[in-house]
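Notes follow the structure.
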Amino acid sequence: MTQHLRSIRLVPFFFATLTLPLTLAQSKDSFVAYKNADEVPQTAMALWANYDPAFEPLNIRVVKEWASDKVVTRYITFTVGTFNGVESRVAAYYSFPQTEGLHPGFVWCHGGGQRAERKRGIYFAKQGYATIDLNWLGRPLEDDVEVNTDWGAVDPSQGPRFYAKALRSGWKRNLQPDDYTIDRVTSPRNTNWFLLVLAARRAITVLERQPEVDSDRLGCTGFSMGGMVTALAAIDPRLKAVVPMVGGTGFKYQDFPGIAGSSIRPHFKNLELYQASIDASAYWPYVKCPVLFLSSSNDFHSTFERIYQSMALLPHADWRVSTNLHQNHGPGPEQWVLLNLWFERYLKGGRDTVPETPTTQLSIHGNQATLKIHPESVDSLLEVETYYSYDPNSRTRFWRQAETTLSDEHYHATLPVKDGLPLYAFAICRYRLKQARELEQGVAETMVINTKQHVIMPDKLQLQQLEKISDTDCTFENFELGLRDWSSRNQRSITTYKFQDPGLDRTNDKKLVIRMHGQGKKWSLRIRTSSKFLDRSKNQGDFVYQVGVEGQGIQTVIIHRKDFVGPEDKTLEWAKIETFTLTLIDLSTGEAIKLYPDMAASYFEEIALVD
């Protein structure tokens, strides 16, 4: 790749005469610090009412530039604001197509522990977009560039592990004042989120002022913590579409039903003010642009019910949800491709529309519920899958798949209803793309659109009933249906939540039996379990087990609970396994075998819990 190095230079911009917003200081700082509690805005809209993200000079500096394959990428820094007398500057990659005409653009906000990525901007520039990829955390980007994000006298980072100039030891969640906050009283402007949203909205200003960009076609997207930033920035009227990913839900202060202490509520200290001014639930009612929410069915950050609670707050119906099944914090290709399609539709005005959210009806008759699904775009529809659970902990629940049939131009599934237990149900509709789409990583041939979720809550919640619905079948997995109940991040290790299926007999007198095909080779079978997101009484920590296997034909591995190695003085309990991960190593090569999406049955015959 040919690289063109430019010296640091100031990019000039011309500013129209603007009226000074009420909250902007007449002095050096961007904001006048609140000194009294009665000055502090009490709602999200009051917090941002007088803020103009275009008022202050951006002072954009280009640090370095690359040009190749009709794409230009610039390493830039720009001013977010001045706080406590010191300028705050954020680094970013600005990438755009080197072609004629004005291009749509969007801001990308990375997740916690992550950083901006130059290759991401190049990929989207080849799709016809100009992008600003914020490096808000300040992690190093280029080996030969020292200039980076410098928040100055404030610190919305995650501490010195990631940000060399960190002023605190870690992430600040509350609204309390300290030596590094804007205000000296409890205030939403003291949260990290406020500063990160300032950076995102200033980045929108950077983008709209570039000569290559059509300022009427702008969007915003972000991953995890960046998804939360996207949700809060989505009130910006310049945005025509947003895509929060695995982050951006409201209601983080709400416990799961019947599970005390399952939220992060205690961290907020001033709960009412946080709820009204910073929690995403205070923002979604004012978001006017179309919203695509991409996530995972077991996401720890954007938990499943909270996604739908958040979308229900929108003042319009132009939203979609798509989740990767049996996965935590990881959209799959069927989700990633929707990011492209969403921005093509709303920023490019493309003809290919994303199917509408399928309409559904849930009815209950005695101890059975029936979910009816009416998909859109039936010409490209491949299949409809229905999932249900009784577990209120959406981070760790196992989603059972129900048989779904077609009749009278709609799909339907019958779901058992259990006394004293909630019922959670939804369906996904899988559609064929007109043609395979190359993603930044991998290829997509299909896309998935979720229905809305239905929740039936009993008058009296009795979670102990979960322990009374186990089936008699001891088989944990026979792979006859492939890996439909599993997921994978690397196509080698496979993970399932099936130990959280209340239908499985998980009593501790059971042994785990794994029957696998020896194939005349020497193998290392490795198992990892985790309990991180179970409720506190069930979090037993992480355990591992490893054994050598060799021989021809079927080889049987019998594993007792005590064989797992975990925290000192603890023995694994089957019912307290959240995720169960299998890896198979070929010892002749030292490499893990590719099991996902369809090779597991070639190596494993059966997994069972037996007496």
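These numbers come from the heavy atoms of this one structure, side chains and all, not from hydrogens, waters or symmetry mates.
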Ring geometry between H374 and H410 (parallel below 30°, tilted from 30 to 60°, perpendicular above 60°): tilted
Side-chain (N324) to main-chain (G330) donor-acceptor, under 3.5 angstrom: yes
Parallel, tilted or perpendicular: rings of F304 and F426 (30°, 60°): tilted
Derivation of the salt bridge (Lys or Arg N to Asp or Glu O under 4.0 Å) call for E344 and R437: CA-CA 13 Å; E344 284 177 16; R437 299 290 296 262; 2.3 Å; yes
E334 with R430: basic N within carboxylate O range, under 4.0 Å: yes
Residues K498 and E477 bridged, charged N to O under 4.0 Å: yes
Ionic contact status for D542 with R528, cut-off 4.0 Å: no
Anything under 3.5 Å between a donor and an acceptor, one on a side chain of residues 458-467, the other on a protein residue two or more places apart or in another chain? List them.
residue, atom, partner, partner atom, Å
Q465, OE1, K468, NZ, 3.4

Residues forming a side chain to side chain donor-acceptor pair (under 3.5 Å) with T303, sequence neighbours excluded: R306
Stepwise ring pair (Phe, Tyr, Trp, His ring centres under 6.0 Å) check, Y497 with W399: CA-CA 8 Å; Y497 290 86; W399 285 103; over 10 Å; no
Salt-bridge present (D318, R320; N to O < 4.0 Å): yes
Whether F106 and W108 hold their rings parallel, tilted or perpendicular, with breakpoints at 30° and 60°: tilted
Whether F293 and W284 hold their rings parallel, tilted or perpendicular, with breakpoints at 30° and 60°: tilted
Ion pair R397/E305, N-O distance below 4.0 Å: yes
Ionic contact status for D299 with R395, cut-off 4.0 Å: no
